[in-house]
Number of protein chains: 2
Amino acid sequence: MKDIKHFLRQNSLRPTKQRVIIANYLFDGINKHVTAETLSNKLLKMKAGISLATIYNTLHDFYEKGLLKKLMINSERIYFDTNTEHHHHFYSKNDQKLIDINVDMKVSGLPKPPKNKKINKIEVLVHLDN
Amino acid sequence: MKDIKHFLRQNSLRPTKQRVIIANYLFDGINKHVTAETLSNKLLKMKAGISLATIYNTLHDFYEKGLLKKLMINSERIYFDTNTEHHHHFYSKNDQKLIDINVDMKVSGLPKPPKNKKINKIEVLVHLDN
DNA sequence: TCAATACATTAGAATCGTTCTAAACTGATA
DNA sequence: TATCAGTTTAGAACGATTCTAATGTATTGA
């Protein structure tokens with residue numbers, strides 16, 4: 001796709017074959033949460049012969065350009081989120097699945113941060129049963 | 001310590017030398033956040049010759065008995081928290097340090113959970129700059 | 001008290017997600 | 001279109017964690 005190439009160039013990323021394929025999938029307008037593994041599986045199904053190393057490289061390249069958000073939900077794998085706006089998540093441990101919470105939420109009763117520290121951002125993770 | 005042995009027995013854990021040493025350190029009344037690595041370092045300083053395997057085993061044994069909470073803050077290591085009450089955290093990525101938030105906080109504006117799912121718990125992580 | 005045994009500890013190997021390496025390849029540029 | 005910086009790749013390396021299986025120890029019940 002032309003616009004994906006343009007999009008990559010705009011973000012100082014050479015539109016290589018692999019990056020175009022991955023970007024096309026990730027930025028198709030539907031927000032996604034992927035890990036290197038889930039992305040690899042998806043690409044295998046699409047018969048895009050992209051090596052695991054490139055998948056890792058590309059996710060990190062995109063992350064460094066601010067095209068992806070990194071989520072640290074559990075310590076087993078790193079999730080990348082195509083929704084880079086500040087938002088929160090439902091997390092179902094059972095399904096290993098994340099769901100965006102796109103509504104505004106307020107946290108009240110927050111204590112002062114420790115001396116010399118400033119609050120950067122507040123992350124709310126809503127764990128789901130079942 | 002007598003009471004630590006008793007405490008371990010109460011939790012169906014044999015009070016072995018290693019478990020007594022580790023429990024004595026972890027449950028000395030001061031809440032702690034440890035990883036296998038930080039605990040290992042601490043024990044090395046105390047010249048308690050406890051193998052890494054035992055440290056992992058013990059942390060998991062304590063966790064399984066509900067004596068520790070597992071925290072998934074970043075994906076590099078697993079944190080164990082001696083404060084097993086429901087509470088939140090400040091997190092300084094810079095210092096790789098966690099600070100308990102023990103006051104009550106309220107989250108408002110939460111959307112309905114997805115169908116057939118129930119909210120288990122809400123975790124608030126306050127990221128600190130600097 | 002002591003032998004039997006069930007449970008714990010340990011060193012080192014294995015595992016698994018991720019990163020690194022260095023050689024081959026390719027998009028951009030002049 | 002030749003050059004070259006940036007990219008891809010297979011496979012090695014890495015680091016946290018788990019496993020293995022041999023050795024050690026707390027508990028039990030006679």
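In what follows, chains carry the letters A, B, and so on, assigned in the order in which the sequence lines appear, proteins first and then strands, with residues in each chain numbered from 1.
- Summary of the strand contacts: A:T58 and B:P15 both lie near DNA chain D, and taking for each the nucleotide with the nearest heavy atom, the more 5' one is attributed to A:T58.
- Residue order along DNA chain C, read from the 5' end via each residue's closest nucleotide, puts A:E37 first among A:E37 and A:A53.
- The distance from atom CG of A:N57 to atom P of D:dA10 is 12 Å, rounded to the nearest whole Å.
- Separating the CG atom of B:L52 from the P atom of C:dA11 is a distance of 10 Å, rounded to the nearest angstrom.
- In terms of position on DNA chain D, the residue among A:K17 and B:T16 whose nearest nucleotide sits closer to the 5' end is A:K17.
- Following rounding to the nearest Å, A:L13 (CG) and D:dA5 (C1') show an atom-to-atom distance of 15 Å.
- Remark: P of D:dT25 and CG of B:L8 are 18 Å apart, rounded to the nearest angstrom.
- One finds the NE2 atom of A:H87 at 4.0 Å from the CG atom of A:D81 (value rounded to the nearest 0.5 Å).
- A close approach under 4.0 Å does not occur between any side-chain nitrogen or oxygen of B:Y56 and OP1 or OP2 of D:dT18.
- For A:T54, no side-chain nitrogen or oxygen approaches OP1 or OP2 of D:dT8 to under 4.0 Å.
- The structure places CD1 of A:I22 at 11.5 Å from CD1 of A:I4, a figure rounded to the nearest 0.5 Å.
- Within the 4.0 Å cut-off from OP1 or OP2 of D:dT18, at least one side-chain nitrogen or oxygen of B:H60 is found.
- Between A:Y63 and A:H60, the two ring planes are perpendicular [angle over 60°; tilted spans 30° to 60°].
- Phosphate contact (OP1/OP2 of D:dA26, side-chain N/O of B:R19, threshold under 4.0 Å): absent.
- Per the geometry, CD1 belonging to A:I55 stands 15 Å off C1' belonging to D:dT7, to the nearest Å.
- Using cut-offs of 30° and 60° for the angle between ring planes, the A:F27 and A:F62 rings count as tilted.
- As rounded to whole Å, 13 Å separates atom C1' of D:dT25 from atom CZ of B:R9.
- Of the candidate nucleotides D:dT17, C:dC7, C:dT9, C:dC7 has the atom nearest to the side chain of B:R14.
- Whole-Å rounding puts the A:F62 CZ to D:dT7 P distance at 11 Å.
- Proximity of B:Q18 to the phosphate of C:dT10: a side-chain N or O atom is located under 4.0 Å from OP1 or OP2.
- Using a 4.0 Å heavy-atom cutoff across all strands shown, B:D61 reaches no nucleic acid atom at all.
- When atom types are taken as modelled, the side chain of B:T58 and the backbone of B:R19 share no donor-acceptor pair closer than 3.5 angstrom.
- Here the C1' atom of nucleotide D:dG6 and the CD atom of A:E64 are 14 Å apart, to the nearest Å.
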